[in-house]
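Worksheet: the structure to be examined is printed underneath.
Protein chains get the first letters and strands the later ones, always in sequence-line order, with residue 1 at the start of each.
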There are 2 protein chains.
Amino acid sequence: MSRLKTGAQRASHETPDYADTAASDLPLHRMPGHHIRRLQQVAVRLFAEEANVDLTPVQYAALFAVAQRPGVGQAQLAALIGYDRATIGGVIDRLEQKKWLARVASVEDRRVNLLTITDEGREALSRAAASVRRAQERIIEPLNEDERAAFERMCLKMLAHHLG
Amino acid sequence: MSRLKTGAQRASHETPDYADTAASDLPLHRMPGHHIRRLQQVAVRLFAEEANVDLTPVQYAALFAVAQRPGVGQAQLAALIGYDRATIGGVIDRLEQKKWLARVASVEDRRVNLLTITDEGREALSRAAASVRRAQERIIEPLNEDERAAFERMCLKMLAHHLG
DNA sequence: CTCATATTGACAGCATACATACAAATCGTA
DNA sequence: TACGATTTGTATGTATGCTGTCAATATGAG
């Protein structure tokens, strides 16, 4: 049986007034998870808007990481940038199709695909750099310098706690 | 060419040392978008860990919103909680399968599906409330009170700027 | 050396997300 | 009132993301 009083809802503008919410005293606009999800949507959109290369945020991260660590395996790469082993396979497939990444079977460990970036991949990465930077700046554009630093610090704090 | 001196970034502790990155002077651990994506992953994981009901974060948001606004249309619902019109269809499909949400054809506008929550839906929502709250608290657990307020404020500031 | 154990990458299945296109229906305006 | 523009829900295709399973391969304890 619910205690929800539906009578309280009138037409309000953007933020609905979730008044009298007995079932949950946590309206959506008070949930960090909700904000984070929407920020993620915004970040992806801005990335796509700025992009001058056919790269998604995920593909960029993967390509960037392989450039830093040539010869990394798929599982290692996944751990490095925070992906699932299952997900990374498809990402690499698409980067391989574009000839920006190459899988090479390891001789030491025949289970492993050694990943390397191609010259075209490096070129794409280089070409994308500026627009990626712009996208990142646009996300935090409404924050002042202090807030940007604080935001980064808090993000890292939460990530260290939950992932570390 | 960038003005950023990449030489300045030495091996820092937990984060891999992306030293001498000529291709991009923005390492992953300095990209807000990267942090947001990983926070989103954490948030989803915590939600799933705490959940005592078969509900995803998205489904919870949709169910919650419909409970607040019975008779809302799919497009309105999508706008309300920040989804794509195309995405919301599948979400509603699954909630309808569980008998927690019902589509009713509108008489006034025959294009519209009026969405209403069922008694079972209300019951599920009520049952989920505590665990959803716990999941939200766990996300920001490493932050102190001031930081939590600041984080929420900054999230809302960015969202208002990019969505408003 | 051998066998239990763990790791690696592939695959299937489910659930977001987005862009695009579409038919049906509604609305605005001439 | 007729008709172009818009809105609504649906479908398709692509790309994350996760869980779970599997075969092939390493690894380590005995």
- Let me have a per-nucleotide readout for nucleotides 9-14 of chain D, 5' to 3', with B, S or -, counting only protein heavy atoms under 4.0 Å. BBB---

- Query: Hey, are the side chains of Met31(B) and Tyr60(A) touching, using non-hydrogen atoms and a 4.5 Å cut-off?
  - Reply: yes

- Item | Euclidean distance, atom CD of residue Glu108(B) to atom C1' of dT7(D) [Å, nearest integer] | 15 Å

- Task: Ignoring backbone atoms, test whether Thr56(A) places a side-chain nitrogen or oxygen under 4.0 Å from the OP1 or OP2 oxygen of dT16(D).
- Result: yes

- Task: Name the residue closer to the 5' end of DNA chain C, choosing between Gly90(B) and Asp109(B) according to the nucleotide with the nearest heavy atom.
- Result: Gly90(B)

- Item | For atom CG of Leu77(A) and atom P of dG17(D), their distance in whole Å | 13 Å

- For the pair made of CD1 in Ile88(B) and C1' in dT7(D), what is the distance, rounded to whole Å? 17 Å

- Query: Could Glu50(B) and Arg134(B) be called an ion pair, given the rule that one side-chain N must be under 4.0 Å from one carboxylate O?
  - Reply: yes

- Query: Between Glu147(A) and Arg153(B), does at least one N-O distance fall below 4.0 Å, as a salt bridge requires?
  - Reply: yes

- salt bridge (charged side-chain N to carboxylate O under 4.0 Å, His left out) between Glu152(A) and Arg30(B), worked out: CA-CA 8 Å; Glu152(A) 178 174 327; Arg30(B) 297 303 304 276; 3.0 Å; yes

- Message: Categorize Val44(A) for me: base, sugar-phosphate, or nothing, with a 4.0 angstrom heavy-atom threshold over every strand shown.
- Response: nothing

- Query: Do Leu46(B) and Glu49(B) have side chains that get closer than 4.5 Å, going by heavy atoms?
  - Reply: yes

- Item | Check: His34(A) and Arg38(A) side chains under 4.5 Å, non-hydrogen atoms | yes

- Note on the structure: Sorted by position of nearest nucleotide on DNA chain C, 5' first, the leading residue of Arg110(B) and Arg45(A) is Arg45(A)

- Task: Whole angstrom is fine here: how far is it from CD1 in Ile92(A) over to C1' in dG17(D)?
- Result: 15 Å

- Does some side-chain heavy atom of Leu114(B) sit less than 4.5 Å from a side-chain heavy atom of Glu108(B)? no

- Message: Between C1' on dA15(D) and CD on Gln40(A), what's the gap in Å once rounded to a whole number?
- Response: 12 Å

- Note on the structure: Rounded to whole Å, CZ of Arg37(B) lies from C1' of dA15(D) at a distance of 13 Å

- With DNA chain D as reference, determine whether Lys98(A) or Ser106(A) sits nearer its 5' end, using the nearest nucleotide of each. Lys98(A)

- hydrophobic_cluster_shared for Leu39(B) and Val44(B), side chain cutoff 4.5 Å: no

- Query: Hey, mind stepping through His161(B) and Lys157(B) against side-chain contact (heavy atoms from CB on, under 4.5 Å) and telling me if it holds?
  - Reply: CA-CA 6 Å; His161(B) 178 265; Lys157(B) 202 170 182 178; over 6 Å; no

- Message: Between P on dT16(D) and CD on Gln41(B), what's the gap in Å once rounded to a whole number?
- Response: 12 Å

- Message: Need two values: the first and the last nucleotide of DNA chain C, 5' to 3', having an atom under 4.0 Å from any heavy-atom of chain B.
- Response: dA15(C) to dT26(C)

